[in-house]
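Structure record follows, encoded as structure tokens.
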Amino acid sequence: MIDTSDETAAEVIGRLRNLIDPELGINAVDLGLIYDVQIDTCARELRVDMTLTTPGCPLSDHMVQGATNLLTDIPGFDQIDVRLVWDPPWSPDRMTEDARRQINERPGA
Amino acid sequence: MLSARQAPPTIVPLRFLLFGVACLLAASVWLLVEPGVLLGPYVRPHTVALAHLLVLGCATSICMGAMYPVVPVALDSPLHSVRLAIPHTILHLLGVIAVVPAFYAWEMRGVATGGGLILTGAVLLTYNLARTLARTPRFGVVAGSVATTLAWMLLAMALGIAMAISKLHPLLPGDPMRWLHAHAHLGVLGIFVNLILGVSLKLLPMFVLADWRERPRSWAMLAMLNGGLVLLASGIALGSRALAIVSGLLVAAGFGIYAMEIAAILRARRRAALDPGLITFLGALAAIPPTCALGFVAATIGQASLAPALRLAYAFAALFGIVIPAIVGMLYKILPFLVWHRVYGPRVGREPVPTFAQMVSPPLQTATSTLFLVALALLLAGILDAQMAPVAGGAALWLLGLLCFVGNVARAMRHWWRSPPPAARERTKP
Ligand code: HEM
């Protein structure tokens, strides 16, 4: 769970809710794709670690670039660094309640 | 890690897929215009030409096209060469365009030449994917299925060419009908069914959000299907009905294990609702057991008067009941994905983009599967009963269902032409 008590982290998470997985139609935050948000105000650097539902997904470049596009105009940062990580691998257990509702999760699955 | 830059450009698979859909449409119109191709003995020029428009023009083209983007995802390994795909595309399309009219005119020199072009293209694809496979981090059951599919593809095509040459100069010994049956089984089971089974074990869990892991029984499935196919083709070619039936049972047991895997995936799935594309695909899988049963009856019935109609019904059910619906179901996933990748991928985070599901119409998808189902029942009844009316009616319904599918293909493709990606637009600025 990412700490969103920090105003910038909350802003980052809010913006990444506009990054939608095109197969599932659910945003990256509710899917549990965002692993970490690191804010270095001194170095004016913002770093996001994210994953995708499938390793080897050919959409990875578009999703990383899309996340970067959504974050570029947050004031106070010279560098936005969105990284793809595969460890730990994503699993459906990472989805929020909201995402589970959206996919109409099967009870007992 | 595979990235968009390492995946082949979307136009590479798209050419194959659209050509395949065009061949399917042409074959369905042909069936309506000449329903008699499905009545009477099946080794007649028009029936064989129509069969190859379907198997080579539609099914093989779509399987080849889908392999380019799907294999790198399934194997987590970038495609060895994008450039090799260009001569492959040209050879394949020219080959199909030559082979089908040659069959129609029963011109075996043309069949062998067109077949040679197709086989040369398939050799390029095999080399390209073999190099891709060699780099896969882990050689799993999906990689095994792709490798065996490529091997069977080359063998089925080489045998087809040898059969064509045999009609001009003696080449293959023994009864030509045996070679024909071996060739058809190698093609349908070895290429289409083998690929569909293997790749679906990777793709289905992705689509339904299920945690599926390969286990020894997944390998047993692949071994039974492929080992059974070696014995089946040998049994048929040698004229040993006992061997053919026993090996057919081995293949059927492989299907049984596959059914257990699919049931396990569906039980573990998180997504409750299955979309219409997946339902079409699962419907195609459900057609495997009755088609196998038809095959066993056709193999054991001997020379009874119903035998030719049963054999034709068996071949028809394999193509129209399993292969084509499975391909249509998967195209609902692959086509929007390819168009989205090119058109909307560069726009993510800049503007709202549609999801894959929003690029096709679910009511049209449901209409396709419903019409296909009714058409299949009518066509099979007509073939078995040697009646023209149900065959003609079934052909009309099949075409209607296909037109709904083509409507969905057009819906997805509309995005391709209407929305050039921002980079392309920038380049056109003065
Ligand atoms: C290089 C490509 C191919 C060539 C040159 C070729 C050649 C032939 C020939 C000459 C026959 C007729 C044999 C006879 O009348 O004695 C035939 C039948 C058949 N082939 Fe192919 N073939 C090719 C690829 C394929 C593939 C990939 C499949 C996939 C399933 C396939 C499926 C069939 C079927 C089902 C029949 C029986 C058709 C019927 O009786 O109506 N062929 N092929």
Side-chain angles (χ1 to χ4, degrees), chain A residues 12 15-28 31-32 48 50-74 80 82-87 89-97 99-109, chain B residues 1-10 68-79 136-137 202-203 205-211 266-275 333 336-359 421-422:
Chain A
V12 168
R15 287 179 178 227
L16 290 177
R17 283 188 193 281
N18 293 315
L19 186 67
I20 311 288
D21 178 302
E23 165 62 24
L24 300 170
I26 300 173
N27 72 67
L31 267 179
V48 173
M50 69 176 286
T51 192
L52 294 173
T53 54
T54 312
C57 173
L59 300 181
S60 55
D61 280 5
H62 294 317
M63 295 301 275
V64 168
Q65 187 55 51
T68 312
N69 292 343
L70 287 165
L71 302 176
T72 31
D73 58 352
I74 295 185
I80 311 286
V82 178
R83 295 190 195 184
L84 262 187
V85 289
W86 300 104
D87 191 24
W90 180 84
S91 102
D93 295 331
R94 294 188 166 269
M95 292 188 295
T96 63
E97 277 307 313
R100 288 168 204 272
R101 251 195 312 278
Q102 285 182 61
I103 60 159
N104 191 11
E105 189 180 37
R106 281 177 70 238
Chain B
M1 197 269 299
L2 191 67
S3 76
R5 261 173 275 118
Q6 290 164 299
T10 41
Y68 280 112
V70 169
V71 167
V73 180
L75 305 184
D76 196 5
S77 166
L79 184 69
T136 184
K202 173 78 184 183
L203 296 185
M206 245 166 75
F207 295 142
V208 300
L209 289 182
D211 200 9
L266 292 179
R267 269 198 309 272
R269 78 184 196 276
R270 297 295 182 98
R271 259 177 139 173
L274 299 171
D275 59 57
K333 292 284 179 195
F337 163 82
L338 289 174
V339 176
W340 191 99
H341 188 289
R342 177 180 180 270
V343 177
Y344 295 114
R347 296 165 183 234
V348 179
R350 296 192 206 176
E351 57 184 85
V353 295
T355 61
F356 300 155
Q358 288 165 339
M359 295 169 72

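In the text below, chain A, chain B and the rest are named by the order of the sequence lines, each starting its count at 1. Every heavy atom of this structure was used, including side-chain atoms; hydrogens, water molecules and symmetry mates were not.
No part of B:Leu338 comes within reach of chain A, as not one of its non-hydrogen atoms sits under 4.5 angstrom from that chain. Contact annotation for A:Asp73: neither backbone nor side-chain heavy atoms come within less than 4.5 Å of a heavy atom of chain B. Looking at A:Arg100, the atoms closer than 4.5 Å to chain B (heavy atoms on both sides) all sit in the side chain, from C-beta outward. Heavy atoms closer than 4.5 Å to chain B are found in both the backbone and the side chain of A:Leu24. Residue contact with chain B, scored on non-hydrogen atoms closer than 4.5 Å, is absent for A:Asn18.
The two atoms that bring A:Asp21 and B:Thr355 nearest to each other are O-CG2, 4.5 Å, heavy atoms only. When all heavy atoms are compared, the tightest approach of B:His341 to A:Leu59 is CD2-CD2, 3.6 Å. The heavy-atom pair separating B:Gly349 from A:Asn69 by the smallest distance is O-CB, 3.6 Å.
Once rounded to the nearest 0.5 Å, the distance linking OG1 of A:Thr54 with NZ of B:Lys202 reads 7.0 Å.
By number of non-hydrogen pairs under 4.5 angstrom with chain A, the leading residue of B:Phe207, B:Trp340, B:Phe337 is B:Trp340. Ranked by non-hydrogen atom pairs under 4.5 Å with chain B, the options A:Ile20, A:Asp93, A:Leu71 are led by A:Asp93. Looking only at heavy-atom pairs under 4.5 Å with chain B, the residue among A:Met63, A:Glu23, A:Gln102, A:Gln65 that has the most is A:Glu23.
Under the 4.5 Å side-chain criterion, counting only non-hydrogen atoms from C-beta, A:Glu105 is not in contact with B:Leu209.
Of the options B:Arg270, B:Arg271, B:Arg269, a side-chain contact (heavy atoms from CB on, under 4.5 Å) to A:Pro92 is made by B:Arg270 and by none of the others.
Using modelled atom types, one side-chain atom of A:Arg106 and one backbone atom of B:Arg267 make a donor-acceptor pair closer than 3.5 Å.
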